[in-house]
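Here is how names work: the chains are called A, B, and so on, in the same order as the sequence lines, proteins then strands, and each is numbered from 1.
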Amino acid sequence: MARKMLIDGELGQTIEEEKQYDFDLFVIGAGSGGVRASRTSASFGAKVAICELPFHPISSEVIGGIGGTCVIRGCVPKKILVYGAQFRGEFEDCRNFGWELSDQVDFNWKKLLHNKTQEITRLNGIYKRLLSNAGVTMFEGEGKLIDAHLVEVTQADGTTKQYSAKHILIATGSRAQRVNIPGKELAITSDEALSLDELPKRAVILGGGYIAVEFASIWRGLGAEVDLFYRKELPLRGFDDEMRAVVAKNLEGRGIRLHPGTNLSELRNGEDGIRVLTDHGDEITADVVLFATGRLPNTKRLNLQAVGVEVDKTGAIKVDEYSRTTVPNIWAVGDVTNRMNLTPVALMEGTCFSKTVFGGQPTKPDYISIPCAVFCIPPLSVVGLSEQQALEQAKSDILVYTSSFNPMKNTISGRQEKTVMKLIVDSETDKVLGASMCGPDAPEIMQGLAVALKCGATKAQFDSTVGIHPSAAEEFVTMRSITRRVTAGAKP
Amino acid sequence: MARKMLIDGELGQTATDEKQYDFDLFVIGAGSGGVRASRTSAAFGAKVAICELPFHPVSSEVIGGVGGTCVIRGCVPKKILVYAAQFRGEFEDSRNFGWELSDEIGFNWKKLLHNKTQEIIRLNGIYKRLLSNAGVTMFEGEGKLIDAHLVEVTQPDGTTKQYSAKHILIATGSRAQLVNIPGKELAITSDEALSLDELPKRAVILGGGYIAIEFASIWRGMGAEVDLFYRKELPLRGFDDEMRAAVAKNLEGRGIRLHPGTNLSELRQSGDGIRVLTDHGDQITTDVVLFATGRLPNTKRLNLQAVGVEVDKTGAVKVDEYSRTTVPNIWAVGDVTNRINLTPVALMEGTCFSKTVFGGQPTKPDYINVPCAVFCIPPLSVVGLNEQQALEQTKSDILVYTSSFNPMKNTISGRQEKTTMKLVVDAETDEVLGASMCGPDAPEIMQGIAVALKCGATKAQFDSTVGIHPSAAEEFVTMRSITRRVAAGTKLKTNL
């Protein structure tokens with residue numbers, strides 16, 4: 001579908017002679033950020049092209065797929081597996097509610113794997129349709145920059161084609177990295193973990209971030225023995241310390257063995273599995289070893305240096321507040337810029353990019369009070385500042401409200417697992433600076449609170465909101481007693 | 001624990017001679033409103049007494065229990081039964097996630113009943129401890145008014161005692177009513193339904209309100225055949241019409257047989273159950289008939305008329321914005337005043353009462369944007385104005401945003417059941433006037449949205465909030481297309 005060339009509303013540039021480009025915009029990478037930017041730019045009238053690697057659940061330098069990490073090997077399949085894993089807890093809980101379930105319930109991993117794969121394939125098809133309905137031209141292949149206005153796409157058969165574009169958007173995302181220890185080739189990353197042929201009976205996970213913690217919960221729920229190793233004293237570095245401790249306690253309560261302050265030093269092939277050596281001198285044998293030790297931006301093969309697009313030391317593309325790179329007509333959004341690596345943030349960056357470049361409304365993405373969730377079982381969800389962050393950033397004292405309670409369902413099921421909620425309040429302005437919760441449905445509960453924080457909600461406004469009863473969420477509007485007051489500038 | 005008499009901060013009254021009363025405050029009824037008012041008044045220094053009927057799960061004019069309806073035969077046991085019923089859906093859903101459950105899973109109602117009863121007894125004990133820790137004197141028995149400052153308590157053994165109080169708070173709640181049709185004595189109310197000896201195999205429910213809907217979902221989830229009869233075209237009159245339709249569709253999808261526009265005319269005992277006759281001339285035989293046809297305030301035996309406390313035609317105690325009755329030192333909160341009959345509202349009314357009468361801060365309860373939920377399966381939750389109310393109350397056009405989607409869990413489980421969300425926005429101010437959702441976790445999701453509405457959130461603020469992914473709730477902050485714009489003053493069909 002031919003579109004007329006658009007004279008876009010570029011920042012601070014005078015309109016020069018309109019060179020004839022193949023496209024107004026060429027997007028490299030059809031993941032969350034790339035697809036959003038393509039569709040919204042096209043809706044502003046831009047002639048848009050996008051290239052993406054061929055589809056497969058497991059990525060590589062030359063394999064990807066429309067929909068990107070989120071749809072194919074991230075958020076979506078992860079959540080499906082978490083749903084699958086949560087049933088174990090439901091089967092345990094139902095007995096004291098009167099249900100007569102046999103002690104042993106079998107699990108068919110291949111069935112779940114098949115259904116998961118069907119779903120991501122379906123979504124991949126939907127994303128293609130969304131792009132084509134928006135009039136975006138799709139190319140399959142690996143894109144790289146030739147110069148500031150020229151993209152070269154290497155197709156599956158090896159041939160190359162070049163396309164010129166007024167603007168180029170890099171949205172190639174990131175990929176999981178293995179730590180460099182002997183035997184690392186025996187380990188898998190999250191890509192493979194989401195598509196294993198067999199469910200491991202024994203799993204070793206290295207990592208303290210959300211991916212490690214989520215897979216621990218997933219495999220434990222599906223019936224595996226799980227050992228989780230991480231370098232710090234608590235998992236989820238960067239989150240509120242109190243909440244990190246709650247997550248760790250819950251993981252243990254669900255039967256996951258935690259190994260804090262421990263790294264892995266070597267992997268060896270053994271007779272009955274992979275022999276894992278730790279830096280404490282211990283040994284453990286596992287069927288699967290997952291390295292969830294970080295993801296790096298996909299920039300190595302883009303030829304950025306030759307074109308003048310600068311990257312930082314992790315390989316992330318350097319961008320300004322408008323997502324513009326060091327080359328004026330080249331932009332970047334999503335995980336490849338390593339700002340906040342969440343799909344909704346990539347979507348926001350993509351939309352802001354389109355408004356800025358094609359919509360005549362320069363718009364900066366807003367990174368204040370972005371909520372997020374870790375889908376361990378039970379999950380953690382947060383918005384705003386943690387207690388530690390509040391102490392660093394606030395000028396006044398902060399008030400901490402915490403509530404730790406046994407949810408109603410557990411009083412009947414007998415599950416020994418408390419839900420914890422926390423509010424951080426500025427003692428002077430009464431503004432709620434942050435909220436967090438670890439317990440069933442935390443991510444669902446936190447979304448509405450994130451809207452409230454966006455409105456600048458005060459503790460008084462929280463307190464004047466009537467509760468929905470009975471619910472867990474109502475606890476957030478009924479926390480009347482200050483747990484502690486912390487002086488501004490106090491170091492935790 | 002003796003407390004000194006308090007000179008309270010009464011509205012517009014000058015301090016007269018301090019008569020010696022037994023108590024600053026006597027509360028009749030230890031449910032949500034009464035307990036909250038007692039504890040907070042005592043916290044302000046008042047000498048408080050409370051009376052409550054003896055405890056039993058099934059109430060009567062002389063049976064109740066500390067904790068009240070919510071704890072003993074309302075919110076709490078209801079939610080426990082809903083949790084139990086939800087497992088059926090979980091078992092069904094788990095199969096396409098790879099779990100190999102047998103087709104038939106037995107359900108032991110007596111085990112659940114026992115565990116439910118243990119829990120409400122435990123909570124009853126906790127409420128007693130809360131009152132005693134607050135220094136509130138408890139009396140067991142039925143309270144009634146002798147005069148404006150005198151309460152008489154009839155104890156279980158029949159003897160009476162009288163207590164004088166500066167202020168009296170009526171918080172006697174409400175009770176379920178049976179509709180007056182032939183054979184009504186064969187029907188049960190929610191009290192009995194929460195404590196049945198046997199789980200019915202077949203259940204007939206009469207009623208279109210939340211209690212009827214919730215029991216339909218509860219019994220269906222536990223394996224019963226359920227027939228639900230209601231007078232209107234849709235259940236849940238008063239809620240947004242579009243959401244009512246979503247609820248009805250979901251109930252049907254879960255296997256509940258709906259009979260809209262139908263009333264019951266007679267119940268008869270028969271060989272294999274209760275024979276139910278409808279006003280369409282149909283007949284159905286069932287094990288249990290539940291009348292969920294309304295609750296009336298408990299005011300008949302309080303002797304209110306003699307003392308001058310006025311009630312309305314439903315028997316609800318008339319109160320002003322501060323919960324004061326037509327007698328200056330007598331107050332009332334909770335279901336007995338029939339304002340918004342929800343525990344959190346009774347709590348709010350109780351707290352405001354205490355602040356007004358003993359805290360020196362006259363405080364009116366705020367009824368704007370009170371959220372609530374119906375715990376059918378899947379549940380409905382709402383806050384603010386529905387579409388019909390918005391059109392009646394605003395001068396501007398309103399914008400309606402709706403989203404109907406298959407939740408991710410269902411795309412794998414194969415369950416054919418959509419989640420529906422709705423936002424109603426003032427076209428001129430961009431203020432979000434109301435939000436509603438019918439789908440899993442709706443009540444949990446709606447609480448935070450209720451805080452946002454309390455802050456006067458605009459659609460732009462909703463839209464500028466980044467989503468939590470993947471979740472159902474994120475749909476509330478990603479509704480970009482207006483479903484329809486409705487001109488100010490449009491009259492919507494509301495007789496469904």
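- Residue A:Met479 comes nearest to A:Lys459 through the heavy atom pair O-NZ, 2.5 Å, listed as atom of the first residue, atom of the second, then distance.
- Contact of A:Leu342 with chain B is not made at all, since no heavy-atom distance falls under 4.5 Å.
- Your options are B:Ile445, B:Val383, B:Ile449, and the one with the most heavy-atom pairs under 4.5 Å with chain A is B:Ile445.
- Annotation: cation-pi geometry not satisfied between A:Lys78 and A:Phe375 (NZ/CZ under 6.0 angstrom from ring centroid, within 45° of ring axis).
- When each of B:Ala452, B:Gly106, B:Ala435, B:Ala472 is checked for heavy-atom pairs under 4.5 Å with chain A, B:Gly106 comes out on top.
- Looking at B:Glu444, the atoms closer than 4.5 Å to chain A (heavy atoms on both sides) sit in the backbone and in the side chain alike.
- For A:Ser413, no part lies near chain B; criterion is any non-hydrogen pair under 4.5 Å.
- By the 4.5 Å heavy-atom criterion applied to side chains, A:Arg88 and B:Trp99 are counted as neighbours.
- Looking only at heavy-atom pairs under 4.5 Å with chain A, the residue among B:Pro470, B:Ser471, B:Pro440 that has the most is B:Pro470.
- Contact of A:Val477 with chain B is made through the side chain alone, with heavy-atom distances under 4.5 Å.
- When each of B:Ala84, B:Pro443, B:Cys70, B:Gly98 is scored by its heavy-atom pairs under 4.5 Å with chain A, the top score falls to B:Gly98.
- Of the residues considered (B:Ile412, B:Asp366, B:Thr478), B:Ile412 shows the highest number of contacts with chain A, using heavy-atom pairs under 4.5 Å.
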